[in-house]
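As the structure is a prediction and not an experimental result, all values here were calculated from the model.
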Amino acid sequence: MAERSTAAVDVADNSGDKPLTAKADQATADGVAKNPERDTDIDQTQGRDGAEDSGRASSPTELHSGHKLARRYRLEECVTRLDGFSSWRAVDEKLRRAVGVHILPADHVRARAVLAAARSAALLGDPRFVQVLDAVEENDLVYVVHEWLPDATELTALLAAGPLEPHDAYQMVSQVAAAMAASHREGLAHLRLNPNAVLRTSSGQWRIRGLAVNAALRGVGSDTPQRTDTEAIGALLYAALTQRWPYESDAYGLAGLPKDIGLIAPDQVRAGIHRGLSELAMRALVNDGATASRHEAACTTPEELVKAIGEMPRVRPPEPAFSGPPEYQRTTYQQGTYGRPSAHAGVTQPVVPPPAPLQSRTGKALKWAVSALLIAALGLGSWQLADALMDRGKNSDDTNTTQTQDEGDKGQQQVISKPITIGGARDFDPLGDNSEKPATVGSVYDGDPSSYWQTDYYLSSDFGRLKSGVGVILDLKKVQSVSKVTVGFLGQTSVELRAASSDAVSEPTSLSAYEKVASGSGTTVNLKPDKPLQTRYLLVWLTHLPPDGEGHWRGRVTDVKVTS
């Protein structure tokens with residue numbers, strides 16, 4: 001597919017123009033606090049090819065708070081008024097929720113492009129993007145309604161407090177790169193992917209706003225949208241690691257790099273930066289086709305960046321700090337002073353010994369009764385024991401015969417299980433891109449329970465409703481009889497055991513070629529086929545994933561054992 005896009009820029013990009021409302025510098029169209037230096041860069045990385053059109057746009061229709069669109073969307077607050085369009089915080093009275101609205105006259109020079117871009121973005125339906133909810137032309141107005149995220153925080157605001165922790169930066173670049181790779185597969189680019197366009201929700205997920213719509217509003221395009229978006233992701237990661245913008249000009253509240261030194265690696269800007277993330281940022285920051293990294297090939301598309309992220313070691317979250325338990329304090333009740341005035345400090349209070357138990361007349365009677373019951377119980381038990389020994393002596397011959405027969409039956413029914421050596425394994429993702437973390441798939445049969453193969457991360461336990469499962473194919477090297485497969489997981493995982501036909505001469509590549517023979521759920525799952533199984537190729541097929549503690553769901557297989 002030829003690269004062509006009218007993808008998104010941030011609608012609140014002032015670029016030197018002053019908003020006409022007093023509150024335009026305090027909020028964005030997504031309900032996040034606005035940075036006073038919002039979009040003051042001069043499009044170093046993305047370029048402008050539509051700014052000259054803004055002078056030909058007709059003046060916007062005068063709107064005010066309380067105005068209703070389609071008898072449904074009540075405008076509350078104008079947050080941006082620029083280039084002939086305005087952005088509002090509004091209320092959807094039908095669904096009783098906050099929304100954002102971009103409005104421009106129907107005869108605006110970019111009105112048709114805005115409608116087309118909004119409808120294309122709405123069809124994507126990817127939850128990693130701020131969703132377009134409606135796109136309408138009505139009463140000489142064109143307006144686009146989108147989600148409002150009151151619980152989200154711009155990356156701009158996060159970086160104002162300091163650089164991100166390595167794990168947070170890793171999560172940000174992973175999620176943003178994966179989202180942009182998905183949008184480019186549908187022909188949608190961003191072109192204005194900057195710290196104002198990236199949001200972190202209260203659950204820790206990263207969301208991207210302005211896909212397609214904002215580019216149409218600003219008239220921005222590019223001949224190489226994939227390369228432009230990839231470089232923008234590299235700039236985001238660079239800023240997240242260093243709290244500096246990777247160009248000479250200051251932008252988004254971040255100081256630029258010193259002049260005349262060029263682009264230097266993040267780990268040369270600040271000490272202690274994660275080396276792998278520093279290298280990844282440099283691979284994405286492409287200049288005229290040549291990577292800024294000295295050792296690795298450049299990443300020129302989001303898809304290449306996603307692959308590079310998958311190949312690097314995963315950045316683990318910091319270990320939680322646990323404080324020691326507080327020093328044990330005895331309570332006044334334990335000290336025997338509950339309900340009485342406390343003693344003076346340093347004075348030892350005499351402890352009154354408790355009375356001897358059962359010294360009363362009732363206590364003595366209870367002791368005699370318990371003694372009598374014990375004597376009766378001992379006598380009854382002795383009589384039953386003697387009776388049982390006499391019966392055993394009478395039937396000793398029959399008993400010995402029975403035992404011999406039972407032992408013989410057990411010897412005939414005993415089945416000896418033997419472990420089967422797994423000759424190889426391969427990741428299996430026939431419903432996706434045919435690749436699911438292949439680098440670590442050997443960990444499922446290496447005999448080391450501390451190592452594991454993991455899936456990509458997903459937005460729900462059912463793989464974000466993108467597919468029904470992923471798995472690992474096990475090659476036993478020849479057709480063998482399989483009685484049980486034991487699979488170890490990190491986290492409660494649902495799994496199916498599937499098997500290829502015994503006459504398969506090569507490894508099947510489609511899911512339908514593997515028949516389901518067992519299923520289960522847990523952290524250690526024993527999968528036993530209901531009938532004798534002869535096969536060479538087994539498929540461990542994950543159907544529901546556990547949460548990974550980072551706002552996502554991911555499967556992790558620690559060990560697989562096969563027995564005959």
Side-chain angles (χ1 to χ4, degrees), residues 4-15 17 19 24 27-32 34-35 38-43 45-51 53-54 57 60 78-90 99-104 108-124 126 128-135 142-149 152 154-156 176 179-180 183-184 186-199 207-222 225 228-229 232-233 236 251-252:
R4 180 182 63 83
S5 176
T6 58
V9 295
D10 195 308
V11 289
D13 178 1
N14 295 332
S15 301
D17 298 333
T28 74
D30 288 308
V32 185
K34 180 175 180 173
N35 192 293
R38 186 180 195 81
D39 290 341
T40 55
D41 65 310
I42 312 300
D43 297 294
T45 62
Q46 285 85 359
R48 280 180 179 266
D49 58 3
D53 290 339
S54 62
C78 181
V79 294
T80 302
R81 198 185 299 273
L82 185 67
D83 277 358
F85 67 86
S86 58
S87 298
W88 293 76
R89 176 175 60 82
V99 294
V101 184
H102 304 312
I103 307 172
L104 69 165
H108 193 286
V109 66
R110 294 190 288 271
R112 302 273 74 76
V114 169
L115 278 176
R119 288 164 182 168
S120 297
L123 291 175
L124 182 62
D126 192 316
R128 293 170 290 193
F129 294 92
V130 174
Q131 298 294 295
V132 174
L133 305 175
D134 207 352
V142 167
Y143 58 90
V144 176
V145 183
H146 60 87
E147 283 184 294
W148 184 278
L149 304 178
E154 287 182 2
L155 180 58
T156 309
V176 170
M180 291 310 305
S183 70
H184 276 284
E186 301 298 326
L188 293 172
H190 201 295
L191 307 186
R192 288 284 299 165
L193 198 56
N194 54 49
N196 292 328
V198 178
L199 314 171
R207 304 281 297 274
I208 303 171
R209 66 178 171 200
L211 184 68
V213 176
N214 293 354
L217 284 166
R218 298 292 300 187
V220 174
S222 173
T228 301
D229 278 346
I233 298 172
L236 291 174
Y252 313 108

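Not a single donor-acceptor pair under 3.5 Å links the side chain of E147 to the backbone N or O of V130. S87 contributes no side-chain N or O that, together with a main-chain N or O of V79, makes up a donor-acceptor pair within less than 3.5 Å.
Note that CG of N194 is 12.5 Å distant from CD1 of I233, once rounded to the nearest 0.5 Å. Distance check, rounded to the nearest 0.5 Å: CZ of R110 to CG of D83 gives 5.5 Å. A distance of 11.0 Å separates CG of L193 from OG1 of T228, quoted to the nearest 0.5 Å. In this structure, the separation between CG on L149 and CZ on R207 is 5.0 Å, given to the nearest 0.5 Å. Note that CG of L188 is 8.5 Å distant from CE of M180, once rounded to the nearest 0.5 Å. Rounding to the nearest 0.5 Å gives a distance of 10.0 Å between OG of S86 and NE2 of H102.
The two residues A117 and A216 come nearest to each other via the heavy atoms CB-CB, 3.8 Å. Across every non-hydrogen atom of V101 and A90, the tightest pair is CG2-CB, 3.8 Å. Taking both residues in full, the closest heavy atoms of W88 and W148 are given as O-CZ3, 4.1 Å, listed atom of the first, atom of the second, then distance. Listed here is the closest heavy atom pair of T156 and Y252: CG2-O, 3.5 Å.
For A122, the side-chain contact (heavy atoms from CB on, under 4.5 Å) test picks out V132, with sequence neighbours left out. Residues satisfying the side-chain contact (heavy atoms from CB on, under 4.5 Å) test with D126, not counting sequence neighbours, are L124, R128, F129, A182. With sequence neighbours excluded, the residues satisfying salt bridge (Lys or Arg N to Asp or Glu O under 4.0 Å) with R112 are E137.
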Check step by step if side chain to side chain contact (heavy atoms under 4.5 Å, CB included) holds for D229 and L191.
CA-CA 6 Å; D229 278 346; L191 307 186; 4.1 Å; yes
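Considering only heavy atoms from C-beta on, V144 stays 4.5 Å or farther from L217 through its side chain.
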